[in-house]
Amino acid sequence: MKENVGVRRYQIILPTSKPKSKKVSELPAADMNLKPAYLKTKPEPLILPDDVTNIFNHDYLFMSLQNEYKWLNTESKHFLQQIYNSIFNSKMTVAIVTGGAKGLGKAFCEALLKRSYKVCFCDVDTDEGENTQKYFAKQYGNGNVYFQKCDVRSENDFTVMFNGVLQKYSSIDLIVNNAGIIHETQWRKCIDINLNGVIQGSMLAIDHMKQGGGVIVNVSSLSGVLPTLYAPVYSATKAAVINFTRSWAMNPAVNQNSIRMVTMCPAFADTDIIKDTKEEQFQGKQFVDPFLEKLGIMPLERVTEGFLKVLDDQDNNGKSLIVTANVMNYVTFPDPLKPENK
Ligand SMILES: NC(=O)c1ccc[n+]([C@@H]2O[C@H](COP(=O)([O-])OP(=O)(O)OC[C@H]3O[C@@H](n4cnc5c(N)ncnc54)[C@H](O)[C@@H]3O)[C@@H](O)[C@H]2O)c1
Ligand SMILES: CCCCC/C=C\C=C\[C@H](O)C/C=C\C/C=C\CCCC(=O)O
């Protein structure tokens, strides 16, 4: 999004006192339930930043707006948000995506850039990272995105990256812990990247977000929910990511500080992990094929759809979103200690 050249936002004068209002109770009751026929989505609560709410701090106007807003579809809400951002240029939204040079990470970066986020993406693969940076810079502007070499196994790399982002963009509002591999023979490496990398990224993010909130998206897999006979270690790392996320989500450091932590659990998606994974990296090709056949291979757009859902749903702290070609739902885990589950 273009800078508001010539507009000095601190000069915008907002109303300080509430205008004389018409009482809401004077509205005809039927008006309050009007549903414009052209809008089809389910109502969602109106969540606008405080300063927007203050601008519309006139009962009648606010209630009418609220009534209309809840029927807007997601894209219209984003559009409204973008208009708001461009007028008030209030605060840039800053994201880190790990393993963003290609595959799902790259698709997530692109979705964020389309929503005017500032994005830092990291990877161990510098060639791929630099190529992707060139593409992003051309499409979305050099100042809006940069590549940082970072191996998610390295605490030092991670810290350097966080400090760099804070120096450049002043905040971190979202981290997508996406980097991952499948490797059943080099299984320590698999655990180190898929689990320790997610833990490292999440904990640095929580520490930073405690001051102002934020969102942490941890990329697990359907393999984290279902046993996966051809990849027990991979499956274990992905299951661990789910419970790591669920556990932190219950902690007041997260849920009382406006932080949301969510896991994504996609089935097979069309990336190099499917194309390049060699047979020695998993336990038996004959076991993979039936699952590939059963689930198919999703286009990246389907997983991006899930990613945007995770960002937009406000009440998903601790939840895990399953994404397959046919299913896009949060999974619920039964509590075995509840009498009805015994
Ligand atoms: N594609 C699928 O079928 C699928 C399904 C479910 C979950 N996932 C998960 O999605 C995530 C992304 O996978 P993908 O399919 O895009 O794979 P991919 O191989 O296309 O991309 C993974 C990226 O992570 C980077 N990476 C690997 N090790 C790293 C490290 N130590 N530090 C930083 N970056 C590193 C790679 O260089 C690569 O750019 C993974 O966590 C994967 O387990 C993938
Ligand atoms: C051709 C080789 C591919 C090897 C697989 C590589 C990576 C896959 C990563 C995904 O995270 C796996 C995603 C989904 C599979 C999940 C569960 C399988 C069990 C499904 C079932 O029981 O129905």
Side-chain angles (χ1 to χ4, degrees), residues 74 97-112 123 128 176-187 189-191 193-195 197-198 217-246 261-313 316 318-334:
T74 312
V97 179
T98 70
K102 65 178 184 178
L104 292 179
K106 181 179 174 187
F108 298 155
C109 289
E110 186 145 24
L112 294 170
D123 213 288
E128 198 81 49
V176 187
N177 289 304
N178 162 77
I181 62 163
I182 179 164
H183 213 308
E184 296 295 308
T185 42
Q186 292 178 21
W187 55 269
K189 181 178 174 187
C190 187
I191 295 172
I193 295 172
N194 294 9
L195 178 57
V198 170
V217 178
N218 290 331
V219 179
S220 170
S221 161
L222 188 58
S223 280
V225 181
L226 296 172
T228 308
L229 81 166
Y230 61 83
V233 175
Y234 179 81
S235 179
T237 62
K238 295 301 186 180
V241 165
I242 293 174
N243 247 11
F244 170 78
T245 309
R246 292 176 71 204
M261 286 182 75
V262 194
T263 322
M264 285 191 66
C265 304
F268 299 109
D270 189 10
T271 71
D272 287 350
I273 209 171
I274 302 291
K275 295 169 201 140
D276 295 348
T277 299
K278 299 183 182 64
E279 279 203 58
E280 72 259 24
Q281 289 179 234
F282 51 90
Q283 309 284 4
K285 182 155 170 48
Q286 72 276 23
F287 300 131
V288 181
D289 291 342
F291 292 122
L292 282 169
E293 206 162 302
K294 175 173 155 189
L295 291 162
I297 298 177
M298 292 180 287
L300 296 189
E301 291 75 19
R302 175 68 178 166
V303 189
T304 304
E305 194 189 332
F307 175 64
L308 294 178
K309 178 174 169 56
V310 158
L311 292 190
D312 293 339
D313 292 346
N316 55 9
K319 293 188 181 172
S320 308
L321 185 76
I322 305 290
V323 184
T324 75
N326 311 312
V327 177
M328 180 138 355
N329 271 328
Y330 291 102
V331 69
T332 49
F333 296 95

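The first residue in the sequence is number 1, and the count goes up from there. Atoms considered below: every heavy atom in the structure, side chains included; atoms not considered: hydrogens, waters and symmetry mates.
For the 3.5 Å distance criterion, the side chains of N178 and T98 fail to qualify, holding no donor opposite an acceptor. There is no side-chain donor-acceptor pair under 3.5 Å between S223 and S235.
The nearest pair of heavy atoms linking T304 to A111 is CG2-CB, 3.6 Å. Among all heavy-atom pairs drawn from V303 and V323, the shortest one is CA-CG1, 4.2 Å. Heavy atoms only, all atoms of each residue included: G318 and R246 are closest at O-CG, 3.4 Å. Nearest heavy-atom pair across L104 and A269 is CD2-CB, 4.2 Å. What you find for I242 and C265 is that their closest heavy atoms are CD1-SG, 3.8 Å.
Looking only at side-chain heavy atoms (C-beta outward), K309 and L321 come within less than 4.5 Å of each other. For the pair V97/C109, a side-chain contact is recorded, criterion being any heavy-atom separation below 4.5 Å from C-beta on. Side-chain contact between F333 and S320 is present, with at least one heavy-atom pair separated by less than 4.5 Å. Side-chain contact between L311 and L112 is present, with heavy atoms from C-beta onward closer than 4.5 Å. With contacts defined as side-chain heavy-atom distances shorter than 4.5 Å, the pair F291/T228 does not qualify. The closest side-chain heavy-atom distance from I322 to M328 is not below 4.5 Å. With contacts defined as side-chain heavy-atom distances shorter than 4.5 Å, the pair N218/M264 does not qualify. With contacts defined as side-chain heavy-atom distances shorter than 4.5 Å, the pair I191/W187 qualifies.
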Which donor-acceptor pairs under 3.5 Å do the side chains of residues 280-287 make with protein atoms, sequence neighbours left out?
residue, atom, partner, partner atom, Å
Q281, OE1, K278, N, 3.2
Q281, NE2, I182, O, 2.7
K285, NZ, D289, OD1, 3.2

Note to self: Determine whether T271 and L300 satisfy the following criterion, side chain to side chain contact (heavy atoms under 4.5 Å, CB included), listing intermediate values before the conclusion.
What the structure shows: CA-CA 8 Å; T271 71; L300 296 189; 3.5 Å; yes
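When the side chain to side chain contact (heavy atoms under 4.5 Å, CB included) test is applied to K238, the partners found at least two apart in sequence or on another chain are N194, S220, S221, Y234.
Separating the OG1 atom in T237 from the CD1 atom in I193 is a distance of 10.0 Å, to the nearest 0.5 Å. To the nearest 0.5 angstrom, D123 atom CG is 8.0 Å from K102 atom NZ. Residue K189 holds its NZ atom at 5.0 Å from CD of Q186, rounded to the nearest 0.5 Å. Within the model, atoms CG of L308 and CD of E301 stand 11.5 Å from one another, a figure rounded to the nearest 0.5 Å. Taken to the nearest 0.5 Å, the CG atom of L292 stands 4.5 Å off from the CZ atom of F268. How far CE of M298 is from CD1 of I274: 9.0 Å, rounded to the nearest 0.5 Å.
For K275 and D270, the salt-bridge test passes: some basic side-chain N is under 4.0 Å from an acidic carboxylate O.
One N or O on the side chain of R302 and one on the backbone of T324 form a donor-acceptor pair closer than 3.5 Å.
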